[in-house]
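All remarks here apply to the structure that follows.
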Amino acid sequence: MAEWSIAAVLKTAGPQGPGGSNPSLSAISSPGMKCPLMPFPNSKDLFDIPDFERAAKAVMSPMAWAYVAGAAADEITLRWNHEAYEHLRLAARALVDVSKIDTRVTLLGRELAYPILLAPTAYQKLAHPDGELATVKGANSAEATMVVSTMSTVSMEDIASSATTPLWFQLYVQPDQAFTQDLVARAEAAGYQALVVTVDTPVLGPRYQELRAGFTLPAGIERANLRGRATSTGSHRPTEATIYSQTLDSRLTWKDIDWLRSITKLPVLLKGIQNPDDADKAAQSGVAGIIVSNHGARNLDTSPATIDVLPRVIAKVGGKTPVLVDGGIRRGTDVLKALALGASAVLIGRPYIYGLAVDGANGVASVVNILRRELESAMALCGRTSIPSIDSSVIWK
Ligand code: FNR
Ligand code: LAC
């Protein structure tokens, strides 16, 4: 939104408006009125990811906030995902010519301008009325690769027709195999460049923020890729009194990965590998890449921080297959640490949703550009001018 007005905020935040999470804003304002008291007139006044997080909390409905920011059970892994980065220290270097920093990387045979991708996140219309269409525009302007969720609220075809940037498709294998095959064929036909199969969610973790906020998909927000099916208006949440969800296949095993690889020419990556033994199996199975992820701590609480898992995965499969990581990345220094520990690239989830909620496409682009600049700054201060020059000696031991 070009200008910050309460009307725009209300539109963005949905029927509950900003007052739901920030009563002081509804007390001082009425729809249509420009609000000089707003602490964040637009995303130009937000400088880092924590700024975006605070601003997003103020504009999102309580239900949307609970869904996005929440995690499983006591949210201990959510905290660890962040804290583990804090405990890693960086080794500064002096007197290196850092007047040029090159962040390009080659992944799956293609060059990316920098190694930060947008992780798949569901239901983006909860954060902004344009949902994934705003995100892809932000990704276009920041030259970011976007991984589109099976649970997007705009169809994968419509997202693809607005994209100038590379897209990958995240697949939730569906209980109906023919429909899964159809989703894969659609992703190929729409020009997606990779298939990211999420393997950490046979069932969801108990998400109490979501439950307390009474999560339901509001009328008018659909799971657009499932259009025409009974499940298009439901949600990811388990059906009553069970742990199972109608749109997650709890029977998924390694043989399904072999099957998927046999039906597509796209490179297949596995997202949600958290155990070095599984990483080993994945590399042996010949997948094109692994994403070390605990689903943003939304499933198995008290599983370790992903940045703590990464070195053990690299010890098993480093050099055999590209390893990416996500979870808890909020700073360019976090990105540098992940690369130093062997990641080929990282993904961010919540941070760009915060950008989306606050300022649509501009907010998404701002979040990515902030992280990109922070990464460049951290590289320069550690005396590294290119991604291949980043190794484990960047971490202070
Ligand atoms: C997710 N994530 C996710 N993963 C996936 O494979 N398919 C999906 O549809 C979703 N949906 C989703 C929604 C929301 C609101 C969040 C926060 C996360 C997990 C996501 O891809 C990623 O693994 C984490 O978000 C990474 O952690 P951070 O960056 O949010 O800390
Ligand atoms: C989530 C699912 C839909 O984490 O991936 O909410």
Side-chain angles (χ1 to χ4, degrees), residues 49-50 52-53 56 60 63-72 75 77-85 116-128 131-132 135 146-153 156 168-174 183 195-207 209-211 213 215 217 223-226 231 234-238 245-248 252 269-274 291-300 303 305-307 309 324-331 334-335 338 346-357 367-368 371:
I49 308 309
F52 272 94
E53 180 169 352
M60 289 171 82
M63 188 190 76
W65 175 259
Y67 174 65
V68 172
E75 304 190 341
T77 297
L78 182 71
R79 174 158 49 84
W80 287 348
N81 271 354
H82 296 273
E83 279 180 1
Y85 278 105
I116 305 170
L117 291 82
L118 302 187
T121 60
Y123 311 144
Q124 294 182 14
K125 281 193 182 172
L126 287 178
H128 188 278
E132 291 80 1
T135 302
M146 173 178 175
V147 189
V148 171
S149 169
T150 293
M151 307 298 180
S152 58
T153 49
M156 65 169 116
W168 296 0
F169 183 69
Q170 176 268 329
L171 178 70
Y172 271 128
V173 173
Q174 297 296 295
L183 286 171
L195 206 59
V196 173
V197 184
T198 297
V199 296
D200 59 11
T201 315
V203 301
L204 298 152
R207 301 175 181 178
Q209 288 209 49
E210 247 177 63
L211 205 56
F215 185 93
L217 271 189
R223 299 198 278 186
N225 295 320
L226 314 188
T231 43
S235 93
H236 60 293
R237 294 215 41 86
S245 155
Q246 285 183 316
T247 43
L248 300 168
L252 193 68
L269 294 93
L270 301 186
K271 172 173 183 281
I273 294 291
Q274 304 175 64
I291 303 177
V292 172
S293 173
N294 52 32
H295 213 97
R298 297 161 75 80
N299 287 340
L300 182 62
S303 63
T306 47
I307 195 64
V309 173
L324 288 75
V325 66
D326 74 15
I329 291 166
R330 302 293 180 267
R331 291 282 173 200
D334 299 339
V335 180
V346 305
L347 302 91
I348 53 166
R350 295 178 184 87
Y352 80 85
I353 299 296
Y354 298 147
L356 174 67
V367 160
V368 174
L371 283 175

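For the single chain, residues carry numbers from 1 onward in sequence order. Whatever order the structure lists ligands and atoms in, that order sets their numbers, starting from 1.
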**Prompt:** Are L171 and T198 close enough that some pair of their side-chain heavy atoms sits under 4.5 Å apart?
**Reply:** no
A side-chain contact here means heavy atoms from C-beta on lying under 4.5 Å apart; do I291 and L347 qualify?
yes
When rounded to the nearest 0.5 Å, the distance separating CG of L118 from CG of D326 is 11.5 Å
Output for pair (Y352 OH, T135 OG1), nearest 0.5 Å, gives 6.0 Å
Ligand 2 atoms nearer than 4.0 angstrom to some heavy atom of R298 are 1 (C), 4 (O), 6 (O)
among protein heavy atoms, the one nearest atom 5 (O) of ligand 2 is Y172 OH, 2.5 Å
Atom 1 (C) of ligand 2 has as its nearest protein heavy atom R207 NH1, 3.2 Å
- Do Q124 and T153 have side-chain N/O donor and acceptor atoms under 3.5 Å apart? no
Within the side chain of R350, is there an N or O that forms a donor-acceptor pair under 3.5 Å with the backbone of G70? yes
Any heavy atom of Y67 under 4.0 Å from ligand 2? The part involved is side chain
Short version for R237: what comes under 4.0 Å of ligand 2, heavy atoms counted, is neither
* Any chance the rings of H236 and Y172 have centres within less than 6.0 Å? -> no
Test side-chain contact (heavy atoms from CB on, under 4.5 Å), reference N294, set N81, L300, N299, D200, output is N81
Per the under 4.0 Å non-hydrogen criterion, ligand 1 touches Y67, V68, A119, P120, T121, A122, S149, Q170, Y172, T198, K271, S293, H295, G296, R298, D326, G327, G328, R330, I348, G349, R350, P351
